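A quick write-up on the structure given underneath.
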Amino acid sequence: MSKDKSVEEGIVEKLINKSENLSRWYSEVIRMAKLADYTPVKGCMVIRPYGYAIWENIRERLDEKFKETGHANAYFPLLIPESFLAKEAEHVQGFAPEVAWVTHGGKEKLEERLAIRPTSESIICHMYSKWIRSHRDLPVLINQWCNVLRWEMVTRPFLRTTEFLWQEGHTAHATKEEAEEEALQMLRIYCDFIQDELAIPVIIGGKSEREKFAGALRTYTLEALMCDGRALQAGTSHNLGQNFAKAFDITFQDERGERRYVWQTSWGISTRLIGAVILTHGDDAGLIIPPNIAPIQVIIIPIWQTKTRTLVRERTEHLLKLLKKKFRIEADLREEYTPGWKFNEYEMRGVPLRIEIGPKDIEKEQVILVRRDTREEKPIKESELKVEVEQILQNIQTNLFKKAKKFREENTHEVRGLDEFEEILRTKRGFLIAGWCGKTECENHIREKTVATIRCIPLAPERRGGNCINCGERGELVYFAQAY
RNA sequence: CGGGGUGUGGCGCAGCUUGGUUAGCGCGCUUGCUUUGGGAGCAAGAGGUCGGAGGUUCAAAUCCUCUCACCCCGACCA
């Protein structure tokens with residue numbers, strides 16, 4: 001918030017413009033909209049009821065899709081013995097810098113340190129090795145919703161916190177093909193979910209060797225472009241191959257009685273998605289939450305005078321009752337705030353649709369609908385309200401997606417030379433499509449020179465083939481970007 | 001982890017350079033009355049050991065040392 005302006009106008013609780021200072025806008029809007037708050041512990045935020053309701057909606061809708069595809073929820077412990085974590089070499093190495101340790105129980109020093117889970121592969125694999133004996137035990141399709149802890153240098157609410165909430169799926173299969181199919185299936189589920197429910201367009205594809213999950217055979221990713229032109233990983237799905245099976249000795253007897261290692265996957269999304277929603281859809285007035293996950297989809301603001309209060313209140317309560325079964329709807333009947341104040345408040349908090357009702361509307365048997373994304377206002381007859389609200393919410397949902405997609409398209413550049421590559425990164429950022437030969441040394445070189453990394457090797461490229469932007473050798477077209 | 005910045009009632013800040021009475025201001029909050037179609041008005045109130053610890057001094061929000069947190073810009077990660 002600019003100091004001079006606030007002093008002049010005598011307004012303080014006014015949000016900074018999104019375009020003026022994105023970082024500041026981001027933290028202010030989170031605080032002002034009561035999504036989350038800071039705590040005395042670095043990197044550990046409180047997710048407040050309004051923010052948590054978004055998470056609950058995300059969880060509910062995704063959980064349903066997991067169940068539809070045969071997965072069951074379970075819960076594994078928070079603490080993991082050090083020796084478990086150490087079993088898969090690449091895995092430990094990958095996570096070592098960000099693991100927090102429990103060293104004491106009360107006053108007793110522990111014989112073996114316990115890691116606070118940064119992810120649960122190791123403890124889950126340990127259990128799988130006990131549970132899996134026969135091909136008849138397969139596949140194992142388990143998911144858990146939990147918290148994990150990663151000791152981060154730099155933290156930001158939702159986008160990178162020390163503790164965060166997520167979901168991690170862990171599956172074991174008899175064949176390589178089945179595991180690969182599972183990893184891809186979950187990638188598609190995430191993709192549909194993020195695009196349809198969160199209205200965020202994503203590019204799906206594989207990670208390079210350098211960027212893949214520590215211990216995985218292959219990592220698939222969903223990459224979204226944020227409004228500052230940087231890429232955010234919105235979810236991942238790993239084909240773990242037999243790496244963990246070998247480290248944890250997870251074997252089964254096949255139909256011919258032969259002992260074989262299982263093939264595994266793991267996949268996850270986190271509360272980071274809420275950060276992606278905030279950055280993708282918000283504007284100068286505050287949040288815009290896609291209707292499908294909005295805690296409040298519709299807010300009714302009554303407009304009354306002393307003489308008309310009872311009348312308007314009755315109409316409001318009637319409307320509320322009428323729409324409550326179908327929508328997540330609330331009415332703000334507080335008398336101590338003016339309608340104008342409430343308009344701003346609910347816009348800031350990202351409620352997709354507002355219904356205004358006052359004496360003039362009651363006379364005409366109508367209400368005023370105002371949508372958050374376009375601010376378009378229109379009077380609607382009460383008899384058509386239910387249908388209209390549903391249509392507008394749906395329209396907002398698709399409009400948000402279209403807008404975000406348009407932004408992504410405008411900020412995706414195909415480049416041929418490193419100079420052009422650098423120039424675009426320096427000025428406008430965004431996704432850069434360029435050829436890459438597949439060698440890590442070229443990847444590293446590009447990264448050192450330009451700060452961009454390979455975000456994604458697309459599964460469905462528009463065109464195949466391209467010469468490596470670094471060495472010129474024949475390769476594939478991949479997405480580069482500066483990462484969050 | 002490097003470079004820069006900020007910590008003063010709930011929020012945003014002033015005061016600090018040049019130590020000196022009861023630490024101010026705006027918003028918010030409480031109570032009352034009047035208001036209410038885009039952030040209402042008046043009146044009366046409540047709320048602060050100045051991020052923390054040490055030091056200098058007759059005297060510290062102010063000077064010094066250390067520390068913690070947060071923000072911004074970079075290197076690593078969902």
Side-chain angles (χ1 to χ4, degrees), chain A residues 1-16 21-24 26-28 31-32 37-45 94-99 118-119 148-168 190 207 210-211 213-214 219 221-224 231-238 266-276 285 301-309 312 334-348 354 356-362 367-368 370 375 377 379 447-448 451 453 482-484:
Chain A
M1 174 175 346
S2 104
K3 181 174 132 194
D4 303 332
K5 228 194 261 172
S6 60
V7 170
E8 272 169 34
E9 294 172 6
I11 293 167
V12 172
E13 282 294 289
K14 189 161 190 234
L15 190 62
I16 192 169
N21 184 340
L22 184 69
S23 296
R24 201 139 159 218
Y26 181 78
S27 35
E28 271 183 24
R31 184 178 55 80
M32 283 167 62
D37 203 356
Y38 295 94
T39 70
V41 187
K42 178 184 155 68
C44 295
M45 62 172 179
F95 280 101
E98 43 187 358
V99 173
T119 178
V148 288
L149 202 94
R150 297 181 188 177
W151 213 258
E152 300 286 353
M153 295 297 173
V154 178
T155 60
R156 298 182 77 190
F158 295 113
L159 293 174
R160 173 163 302 108
T161 48
T162 302
E163 180 185 5
F164 57 93
L165 303 181
W166 78 344
Q167 146 286 306
E168 47 179 328
Y190 285 153
K207 281 291 188 191
R210 208 198 107 95
E211 299 280 331
F213 177 73
T219 288
T221 180
L222 305 99
E223 297 286 327
L232 185 82
Q233 184 170 325
T236 50
S237 179
H238 314 291
S266 69
W267 26 274
I269 57 95
S270 73
T271 37
R272 169 180 263 196
L273 286 178
I274 298 173
I301 311 285
I303 294 150
W304 49 40
Q305 294 76 38
T306 311
K307 286 177 207 138
T308 55
R309 182 170 304 150
V312 175
R334 290 178 295 178
E335 291 177 19
E336 61 270 31
Y337 294 103
T338 61
W341 189 93
K342 291 175 185 173
F343 297 164
N344 286 288
E345 178 75 2
Y346 289 97
E347 282 175 8
M348 191 268 293
R354 170 170 86 234
E356 299 174 14
I357 177 148
K360 292 179 213 160
D361 303 312
I362 293 173
V367 299
I368 307 288
V370 186
R375 297 260 179 97
E377 303 192 9
R447 178 198 169 75
E448 276 158 31
V451 310
T453 50
Q482 187 175 344
Y484 249 86

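Quick note on labels: first sequence line is chain A, next is B, and so on, each numbered from 1. On a predicted model such as this, the values are computed, not experimentally measured, just so you know.
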Which nucleotide, [options], lies nearest any side-chain atom of [X]?
X        : options                : value
A/Met153 : B/rC71, B/rG37, B/rC1  : B/rC1
A/Gln233 : B/rA78, B/rG38, B/rC72 : B/rA78
A/Pro157 : B/rG38, B/rC71, B/rG37 : B/rC71
A/Trp341 : B/rA78, B/rG39, B/rC71 : B/rG39
A/Ser270 : B/rC71, B/rA78, B/rC72 : B/rA78
A/Arg272 : B/rG39, B/rA78, B/rC11 : B/rA78
A/Val154 : B/rG74, B/rG37, B/rU35 : B/rG74
A/Glu345 : B/rC71, B/rG39, B/rA75 : B/rG39

Whole-Å gap separating [atom2] ([N]) and [atom1] ([X]):
X        : N      : atom1 : atom2 : answer
A/Ile274 : B/rA78 : CD1   : C1'   : 13 Å
A/Trp304 : B/rU35 : CH2   : C1'   : 13 Å
A/Glu336 : B/rC29 : CD    : P     : 8 Å
A/Gln482 : B/rA75 : CD    : P     : 7 Å
A/Arg31  : B/rC71 : CZ    : P     : 12 Å
A/Glu211 : B/rA75 : CD    : C1'   : 14 Å
A/Tyr26  : B/rC73 : OH    : P     : 13 Å
A/Glu28  : B/rC27 : CD    : C1'   : 14 Å

Using purine N1 to pyrimidine N3 plus N6-O4 or O6-N4 for Watson-Crick, or N1-O2 and O6-N3 for G-U wobble, each under 3.5 Å, what pairs with [N]?
N      : value
B/rA61 : none
B/rC13 : B/rG24
B/rA43 : B/rU31
B/rG2  : B/rC73

Legend entry - Side-chain-base donor-acceptor pair under 3.5 Å for A/Glu347 and B/rG38: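 Such a pair is found, so the answer is yes.
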Quick one: label [X] by what it contacts on the DNA or RNA (base, sugar-phosphate, nothing), any heavy atom closer than 4.0 Å.
X        : value
A/Arg354 : base
A/Glu98  : sugar-phosphate
A/Val451 : sugar-phosphate
A/Leu232 : nothing
A/Pro359 : base
A/Ile269 : nothing
A/Thr161 : base
A/Lys342 : nothing
A/Gly275 : nothing
A/Tyr484 : base

Mark yes or no for whether [X], through its side chain, and [Y], through its backbone, hold a donor-acceptor pair below 3.5 Å.
X        : Y        : result
A/Asp361 : A/Gly358 : yes
A/Gln167 : A/Trp267 : yes
A/Arg150 : A/Thr162 : no
A/Tyr26  : A/Pro157 : yes
A/Lys207 : A/His238 : no

Legend entry - Note, A/Phe213 side chain near A/Thr236 side chain (heavy atom, < 4.5 Å):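 Heavy-atom side-chain distance check fails, nothing below 4.5 Å.
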What distance, rounded to whole Å, do you find between the two [atom1] atoms, one in [N] and one in [M]?
N      : M      : atom1 : value
B/rA46 : B/rC64 : P     : 36 Å
B/rG32 : B/rG39 : P     : 25 Å
B/rU22 : B/rG41 : C1'   : 31 Å
B/rU49 : B/rG24 : P     : 15 Å
B/rA69 : B/rA60 : P     : 28 Å
B/rG3  : B/rU17 : P     : 27 Å
B/rC66 : B/rC71 : P     : 24 Å
B/rU18 : B/rG54 : C1'   : 25 Å

Legend entry - Cation-pi, A/Phe343 ring and A/Arg354 (6.0 angstrom, 45 degrees):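 Flagged: A/Arg354 positioned over aromatic ring of A/Phe343.
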Legend entry - A/Trp166 atom CH2, over 12 foreign heavy atoms within 6.0 Å: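 Correct, the count exceeds 12.
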Inset, instruction - Take A/Leu22 and A/Ala214, find for each the nucleotide of RNA chain B with the closest heavy atom, and name the residue whose nucleotide sits nearer the 5' end. - result: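 First, find each residue's nearest nucleotide; the 5'-ward one identifies A/Leu22.
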Legend entry - Of A/Ile368 and A/Glu163, the one whose closest RNA chain B nucleotide lies more 5':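 Its nucleotide being nearer the 5' end, the pick is A/Ile368.
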Legend entry - Inter-residue atom distance A/Thr155.OG1 - A/Met153.CE, 0.5 Å rounding: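 Interatomic distance, A/Thr155 OG1 to A/Met153 CE, rounded to 0.5 Å: 11.5 Å.
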Inset, instruction - For B/rA40, take OP1 and OP2 only and decide whether either is under 4.0 Å from a side-chain N or O of A/Thr338. - result: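 For B/rA40, OP1/OP2 do have a side-chain N/O of A/Thr338 under 4.0 Å.
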Inset, instruction - Using only side-chain N and O atoms of A/Ser23, determine if any of them is under 4.0 Å from OP1 or OP2 of B/rC72. - result: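 Affirmative; the distance criterion is met.
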